[in-house]
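Shown next, in structure tokens, is the structure this report addresses.
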Amino acid sequence: MRTFAKSTKLDNVCYDIRGPVMDEADRMIANGEKILKLNIGNPAPFNFNAPDNILKAMTDNLRNAQGYSASKGVAEAREAILKYHLGKGLKVAGIEDIYTGNGVSELIVMVMQGLLDNGDEVLLPAPDYPLWTAAVSLSGGTAVHYACDEQSDWYPDIADMEKKITDKTKAIVVINPNNPTGSVYPREILEQIVKLARKHELIIFSDEIYDRLLMDGVEHTSIASIDPDLFCVTFNGISKSHMSAGFRAGWMVLSGDKSNVGGYIEGLNMLSSMRLCSNVQAQYLIPEALKGTGAPDKELLPGGRIYEQRECIYTLLNDIDGISAVKPKAAFYIFPKIDAKRFNITSDEQFVLDFLREKKVLLVSGTGFNVSTPDHFRIVYLPEIDQLKYSMGELKDFLRTYKQAP
Ligand code: PLP
């Protein structure tokens, strides 16, 4: 009988949403064990609900959404997206440069499939949101990671970025605000990235899905606004800003000078048409979502849930001997450092697995985000404060005696 194996294109795909830790968590859940999940940025299970106007737009448009739409999306959605990004300083010719997607995820894969030939390189942050690395590998490209510096609020290390540019480099990916660090990049850093892109003729892909989840009065600058004539692709969506990850509404915007990228755009149009269109009902939520400044505003201010949970997790983590964490300024992730020497950690995945088995709390290891050393992990701080307190109490207790077996 004929057997089928995984495509060799997936051999270098590093995408740690699955893997041995998740398999173990699934096994434990199937066994009836209760697990506290601090591993995935999905607001709904933690009692964050989509706002009423979004739910209403969903039901109001049921009838309008029965057929396929234009492959890039309905005009109402793309007009609203255009207005939003023009407001952020992007130079966008019109709605023909806007593509809706089934979440940003679909578009990340699409832009890499359309761009890369075997062996082409793409610069990506370390740590990164690992779908980016996976999409590059899946498209036959080589992911090359530039360092983000924990000592400097996790900003990209520009010297390291420049060092890694070669003849094969096609693009730089910027994730700002960043998952998993919660860092928001200042204008000076973005200017330096733009300079490199100009000098080496690279495309910038900027994932800005958390640009409406900012704290402490920080402002978000779209990198595409710094040099509006530079060709950039900017990604955004309502999964996080409107606590509606399940509806799958995202988009990308092409901005700047398109004179050298005609062939690439032709490929993108082809890929966009091949998936027919994104979920039409979800497209109708976009104008509603972009009417305001963003749904979770009050949650991000003192007294609000995201803000208070951030304060709580930051304090609790830094109170544990052997752990330190930079304070995130956006989103709902924190990326603490663990003293690997002290706990004899040579595999951060094993550390996460050991903690899961003993305390039934699920984290994600730092190497899952493409950092090269086994000394970080990510926490999603969406759960309520009592759960955060409980889980960090368990972590403190676990680390009192933990030494990883050699
Ligand atoms: N980009 C980043 C940085 C993310 O963290 C996520 C989801 O966690 C996505 C993109 C995917 O979002 P979407 O729900 O729009 O596919």
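Just so you know, ligand 1 is whichever comes first in the structure, and atom 1 is the first atom listed for that ligand.
Short contacts between ligand 1 and Ile175, defined as distances under 4.0 Å to a heavy atom of the residue, involve ligand atoms 3 (C). Close contacts between ligand 1 and Gly103 involve ligand atoms 13 (P), 15 (O), 16 (O) [criterion: under 4.0 Å to a heavy atom].
Distance alone, capped at 3.5 Å, is enough to place a donor-acceptor pair between the Asp160 side chain and the Ala147 backbone. Side chain of Asn318 to backbone of Ala325: a donor-acceptor contact under 3.5 angstrom is found.
The aromatic rings of Phe343 and Tyr402 sit tilted, their planes meeting at an angle between 30° and 60°.
With a 6.0 Å radius and a threshold of 12 heavy atoms from other residues, nucleotides or ligands, Lys170 has its NZ atom above the threshold.
Of the candidates Asn178, Thr181, Asn370, Asn370 is the only one forming a side chain to side chain donor-acceptor pair (under 3.5 Å) with Asp128. The side-chain contact (heavy atoms from CB on, under 4.5 Å) with Leu38 is formed by just one residue from the set Val361, Ile334, Leu362; it is Val361.
Within the cation-pi definition used here (under 6.0 Å to the ring centroid, within 45° of the axis), Arg305 qualifies as a partner of Phe48. The cationic atom of Lys164 (NZ for Lys, CZ for Arg) does not lie both less than 6.0 Å from the six-membered ring centre of Tyr146 and within 45° of the ring axis.
An N or O contact shorter than 3.5 Å links Val104 to ligand 1 by distance. Residue-to-ligand polar distances place Arg248 within reach of ligand 1: an N/O pair is separated by less than 3.5 Å. An N or O contact shorter than 3.5 Å links Ser239 to ligand 1 by distance.
Residue, atom and distance of the protein heavy atom nearest to atom 12 (O) of ligand 1 are Ile209 CD1, 3.4 Å. The protein heavy-atom contact nearest to atom 8 (O) of ligand 1 is Lys240 NZ, 2.7 Å. Of the protein's non-hydrogen atoms, Asp207 OD2, 3.3 Å is the one closest to atom 2 (C) of ligand 1. Closest to atom 4 (C) of ligand 1 among all protein heavy atoms lies Tyr210 OH, 3.5 Å.
When Ser244, Gly101, Ser105 are checked for heavy-atom proximity to atom 16 (O) of ligand 1, Ser105 turns out nearest. The nearest non-hydrogen atom to atom 6 (C) of ligand 1, considering only Tyr129, Trp251, Phe235, comes from Tyr129.
Within the structure, the closest approach of Tyr333 to ligand 1 falls below 4.0 Å when heavy atoms are considered.
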